[in-house]
Student: 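I am attaching a structure below and will ask some questions about it afterwards.
Below, all heavy atoms of this structure are taken into account, side chains as well, without hydrogens, waters or symmetry copies. Chain A is the first sequence line, chain B the second, and so forth, proteins listed ahead of strands; every chain is numbered from 1.
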Amino acid sequence: MTTVRVPPGWPATEQQARALQDELRARVVLDEPGPQPGAGRVTGVDVAYDDERDVVAAAAVVLDAATLDVVAEATAVGPVSFPYVPGLLAFREIPAVLAALDALPCPPGLIVCDGYGLAHPRRFGLASHLGVLTGLPTIGVAKNPFTFTYDDPETPRGSTSPLLAGTEEVGRALRTRDGVKPVFVSVGHRVSLANACAHTLALTPAYRLPETTRRADALCRAALREAT
DNA sequence: GCGACAG
DNA sequence: ATCTTGTCGC
């Protein structure tokens with residue numbers, strides 16, 4: 001486990017944070033298909049908090065994309081660097097996530113975030129931001145539709161429907177288990193939406209949420225417990 | 001102006 | 001995210 005260090009120039013106010021999103025958005029790459037599902041490695045990242053004690057714990061868990069076996073993992077603990085503000089989640093999570101990624105003994109491959117990428121008020125969510133800062137391919141898989149709308153996908157696993165901001169498709173509602181509430185997939189950096197959905201399906205052989213986020217969630221909670 | 005709102 | 005017990009079910 002390592003310590004969180006806040007990146008240089010990290011915004012201190014909501015205004016600065018929004019301005020930074022508007023600036024960094026130009027660096028997002030949307031015209032690459034991204035890595036093939038089932039090949040190479042896939043890394044899940046997640047964060048847990050104890051705001052009372054001003055502690056944040058992040059975890060990064062690397063899986064073999066073919067077997068979904070854990071091949072590496074790392075955690076990071078430190079002070080909370082930003083409050084939760086809808087639309088500014090990245091500023092709360094990224095410092096800790098970067099520290100955990102830096103502590104990994106191997107390259108992460110594709111990174112799966114717990115939240116959104118393109119599906120964001122300014123089209124620059126957590127997955128987009130993390131992708132731009134690392135240069136790595138990223139996608140976002142969220143548990144809730146945030147402010148977006150969607151029609152319920154058909155019952156079978158694999159069914160999708162557009163996640164809409166007005167008439168713009170910013171992501172996809174993807175059914176990962178028959179008849180169970182869908183997850184909400186959006187593009188981060190250097191991955192197409194279709195490929196992001198394919199990866200999500202490959203990561204959900206048994207549960208609604210991707211194995212990557214399940215593993216990362218369990219690990220960062222454990223790290224928070226040990227740090228408290 | 002008021003509420004809603006990823007985690 | 002987090003606060004929180006038992007409980008129904010495979």
Side-chain angles (χ1 to χ4, degrees), chain A residues 4 14 17-18 20-21 24-25 28 44-61 75-100 111-132 138-150 162-166 168-174 176-189 193 196-197 200 205-210 212-225 227-228:
Chain A
V4 175
E14 296 183 21
R18 291 193 193 89
L20 188 55
Q21 289 181 328
L24 294 179
R25 184 178 48 219
V28 174
V45 294
D46 195 17
V47 179
Y49 303 89
D50 184 338
D51 286 290
E52 291 283 291
R53 306 194 180 193
D54 187 43
V55 180
V56 55
V61 180
T75 59
V77 173
V80 177
S81 55
F82 211 85
Y84 172 66
V85 179
L88 299 179
L89 177 65
F91 296 95
R92 182 166 166 79
E93 309 224 324
I94 281 187
V97 169
L98 285 178
I111 297 178
V112 180
C113 296
D114 193 6
Y116 281 119
L118 226 211
H120 176 273
R122 286 168 294 284
R123 304 296 178 268
F124 194 72
L126 172 62
S128 318
H129 202 144
L130 188 62
V132 165
T138 60
I139 66 173
V141 179
K143 300 180 283 295
N144 298 295
F146 200 11
T147 61
F148 306 105
T149 60
Y150 69 100
L163 184 65
L164 302 172
E168 175 187 2
E169 183 181 36
V170 294
R172 221 158 262 173
L174 170 64
T176 54
R177 307 298 302 159
D178 291 355
V180 173
K181 175 179 178 176
V183 296
F184 305 89
V185 180
S186 63
V187 153
H189 186 57
L193 181 54
C197 289
T200 303
Y207 299 95
R208 177 172 88 112
L209 298 180
T212 38
T213 73
R214 287 168 42 76
R215 295 320 250 274
D217 179 75
L219 186 56
C220 69
R221 290 193 196 211
L224 182 63
R225 265 182 268 125
T228 300

Student: Please assess A:Y150 against A:F184 for the test ring pair (Phe, Tyr, Trp, His ring centres under 6.0 Å), listing each intermediate value before the final yes or no.
Tutor: CA-CA 10 Å; A:Y150 69 100; A:F184 305 89; 4.9 Å; yes

Student: Once Watson-Crick and G-U wobble pairs under 3.5 Å are found, how is DNA chain C written in dot-bracket notation, 5' to 3', with | for any base paired to another strand?
Tutor: ..........

Student: For residues 87-98 of chain A, which residue pairs qualify under side chain to side chain donor-acceptor pair (under 3.5 Å), counting only residues two or more places apart or in two chains?
Tutor: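 Of all non-adjacent pairs touching residues 87-98 of chain A, those that pass side chain to side chain donor-acceptor pair (under 3.5 Å) are A:Y49-A:E93, A:D51-A:R92.
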
Student: How is the base pairing of DNA chain B summarised as a dot-bracket string, given the Watson-Crick and G-U wobble criteria with both distances under 3.5 Å, [ ] for crossing and | for another strand?
Tutor: .......

Student: Is the A:F124 ring parallel, tilted or perpendicular to the A:H129 ring (thresholds 30°, 60°)?
Tutor: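 Tilted, since the angle between the ring planes falls between 30° and 60°.
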
Student: To the nearest 0.5 Å, what is the distance between CZ (A:R177) and CG (A:L209)?
Tutor: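 Reported to 0.5 Å precision, the distance equals 11.0 Å.
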
Student: Do A:R122 and A:L88 come within less than 4.5 Å of each other through their side chains, counting heavy atoms only?
Tutor: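 Yes, side chains in contact.
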
Student: Closest approach of A:G117 and A:A127, non-hydrogen atoms and distance?
Tutor: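 Looking at all heavy atoms of both residues, the shortest contact is CA-CB, 3.8 Å.
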
Student: Using a 3.5 Å distance criterion without hydrogens, assess whether the side chain of A:Q21 forms a donor-acceptor pair with backbone atoms of A:A90.
Tutor: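 Side chain of A:Q21 to backbone of A:A90: no pair is present.
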
Student: Could you list where the contact with chain A starts and ends along DNA chain B, reading 5' to 3', using a 4.0 Å heavy-atom cut-off?
Tutor: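 Here the contact window of chain A covers B:dC5 to B:dG7.
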
Student: Can you pull every protein N or O that's under 3.5 Å from an N or O on nucleotides 1-7 of chain C?
Tutor:
| unit_1 | atom_1 | unit_2 | atom_2 | d |
| --- | --- | --- | --- | --- |
| C:dA1 | OP1 | A:R221 | NH2 | 3.2 |
| C:dA1 | OP2 | A:K143 | NZ | 3.2 |

Student: Just by distance, do the side chain of A:R208 and the backbone of A:P182 share a donor-acceptor pair under 3.5 Å?
Tutor: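 Such a contact is found between A:R208 side chain and A:P182 backbone.
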
Student: Would you call A:V77 and A:L224 a side-chain contact if the rule is heavy atoms closer than 4.5 Å?
Tutor: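 No - every pair of side-chain heavy atoms lies 4.5 Å or more apart.
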
Student: Within the structure shown, what part of the strands sits under 4.0 Å from A:L88 by heavy-atom distance: base, sugar-phosphate, or nothing?
Tutor: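 The answer is base, as A:L88 lies within the cut-off (heavy atoms under 4.0 Å) of a base atom.
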
Student: Categorize A:G140 for me: base, sugar-phosphate, or nothing, with a 4.0 angstrom heavy-atom threshold over every strand shown.
Tutor: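 No contact at all - A:G140 keeps every heavy atom at 4.0 Å or more from the nucleic acid.
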
Student: Can you confirm whether A:C113 sits close enough to A:L130 that some side-chain heavy atom of one is under 4.5 Å from a side-chain heavy atom of the other?
Tutor: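 Touching, per the 4.5 Å side-chain cut-off.
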
Student: Going from CD1 on A:I111 to CD1 on A:I139, what distance comes out if it is rounded to the nearest 0.5 angstrom?
Tutor: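 A:I111 CD1 to A:I139 CD1: 10.5 Å, rounded to 0.5 Å.
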
Student: Using the salt bridge (Lys or Arg N to Asp or Glu O under 4.0 Å) criterion, which residues pair with A:D46? Sequence neighbours excluded.
Tutor: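 For A:D46, no residue satisfies salt bridge (Lys or Arg N to Asp or Glu O under 4.0 Å) once neighbours in sequence are set aside.
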
Student: Report the distance from atom OG of A:S186 to atom CZ of A:F146, rounding to the nearest 0.5 Å.
Tutor: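 Answer for the OG-CZ pair, A:S186 versus A:F146, is 10.5 Å.
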
